[in-house]
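Single-structure report; data block below.
What you see below is based on every heavy atom in this structure, not just the backbone, and it leaves out hydrogens, waters and symmetry mates. Everything quoted here is computed from the prediction, not taken from an experiment.
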Amino acid sequence: MADPESTVINTNVKQKDPSEALVIAVTTRAIFNLEEEHKLYLEKGKEEYARHQQANQDKPLPPGTAFAFIQATQYVNEKILESNPAAKDLFDILVLSNNSPESGVRIINSAKHYGVSAALVFQQEVQAPSTPLRVVFDGDAVLFSSETDQVFQERGLEGAVQYERAMEAVPMGEGPLKAFAMHLGKIRKKFSEEKSPIRTYLVTARSGRDMGIRAIKTLREWGLAIDEAFFMDGAPKGPILAQIQPHIFFDDGLHNIQGAQDVGVPSAWVPSCC
């Protein structure tokens, strides 16, 4: 909304060791609900927007789509530090903003109000409780590579099933969110299964009967533990997401993103690279 050089940096927040921390960057419009302010900016311009933010700088902004997700990562940090105060492999949250200084002050004050120590996220009402951190991954083109998706496009469902059967013993390639999932898995291993502040899920359109075995074997080969896996066999993902109530859901299909939005689940679209 304003020039990048107008960005306000909150120097009161000490960042984690970037070589070991899992850094998550989130925009101000994702962590806080700025829809009314954005509308004001579009309709009445930069000066009126700045006046509004300055006049309301002590009024906390309401939580946005990513707010519960950020709260949950802080809960995980607290649990890690309880067991090891010297731990460095923590979540490090960076709030990105190119707003005016007036807006930046309000955002910092809002973060302090809520105790917030501070991949395309869609805006919708958030229902997810704040703890523990629940993250849902799609399979193909998200956790895994898009190889089977490409076979499906070229040969249809039967061709994809035959391909999976032939490649059953061969682990799938890495998808764009594999590194993130592995880092979550590394943090999870600090806790027993019963006390873990993180739960991860695989919700994939694959059929468990025909195409699930390779997915499970790939996760096992990677050493990536998933709390629950759902093989939907092409069924809509919305109902199961409504039951899980994740803090974030990653998927490469816009129809699945829409389905998540319809049940109030924060979602992030992972664009296909192919």
Could you report the tightest heavy-atom contact between V136 and P246, atom names first, then the distance? CG2-CB, 3.5 Å
Identify whether [X] and [Y] are in the same connected component of the hydrophobic contact network (ILVMFWY, side-chain heavy atoms under 4.5 Å).
X: V161; Y: F231; result: no
X: I248; Y: M182; result: yes
X: Y163; Y: M211; result: no
X: F152; Y: V270; result: no

What verdict does the side-chain hydrogen bond (donor to acceptor under 3.5 Å, both in side chains) test give for T200 and R134, after you've listed the backbone C-alpha separation in whole Å, the side-chain angles of each residue and the deciding distance to 0.1 Å? CA-CA 6 Å; T200 52; R134 289 181 298 282; over 6 Å; no
Side chains of [X] and [Y] in contact at under 4.5 Å (non-hydrogen atoms):
X: Q74; Y: F91; value: no
X: F69; Y: I24; value: yes
X: V135; Y: I198; value: no
X: L90; Y: L81; value: yes

Classify the side-chain pair [X]/[Y] by whether it contains a donor and acceptor separated by less than 3.5 Å.
X: E48; Y: Y41; value: no
X: Q153; Y: D149; value: no
X: R199; Y: Y201; value: yes

Heavy-atom donor-acceptor pair, [X] side chain to [Y] backbone, under 3.5 Å:
X: R214; Y: M167; answer: yes
X: S196; Y: S192; answer: no
X: R106; Y: N56; answer: yes
X: D92; Y: L22; answer: no
X: K237; Y: V203; answer: yes

Ring centroid separation for W269 and F249, is it under 6.0 angstrom? no
Less than 6.0 Å separating the ring centroids of F67 and Y114? yes
Taking atom CD of Q258 as the centre, report whether more than 12 heavy atoms of other residues, nucleotides or ligands fall under 6.0 Å from it. yes
Show your reasoning for whether salt bridge (charged side-chain N to carboxylate O under 4.0 Å, His left out) applies to R206 and D140. CA-CA 9 Å; R206 284 171 171 255; D140 296 281; 2.7 Å; yes
For I213, which fellow cluster members are found when Ile, Leu, Val, Met, Phe, Trp and Tyr are connected by side-chain heavy-atom distances below 4.5 angstrom, either directly or through intermediates? none
L61 CG to I31 CD1 distance, which is reported to the nearest 0.5 Å: 10.5 Å
Decide salt bridge (charged side-chain N to carboxylate O under 4.0 Å, His left out) for K79 and E82; before the verdict, give the C-alpha distance in whole Å, the side-chain angles of both, and the deciding distance to 0.1 Å. CA-CA 5 Å; K79 292 299 181 182; E82 282 179 8; 3.8 Å; yes
Taking it one step at a time, do T148 and E164 satisfy side-chain hydrogen bond (donor to acceptor under 3.5 Å, both in side chains)? CA-CA 8 Å; T148 303; E164 284 291 295; 2.6 Å; yes
Residues in ring pair (Phe, Tyr, Trp, His ring centres under 6.0 Å) with F137, at least two apart? F250
In sequence, state the C-alpha distance, the side-chain angles, and the governing distance for D227 and R188, and then conclude on salt bridge (charged side-chain N to carboxylate O under 4.0 Å, His left out). CA-CA 10 Å; D227 288 292; R188 282 183 77 253; 2.8 Å; yes
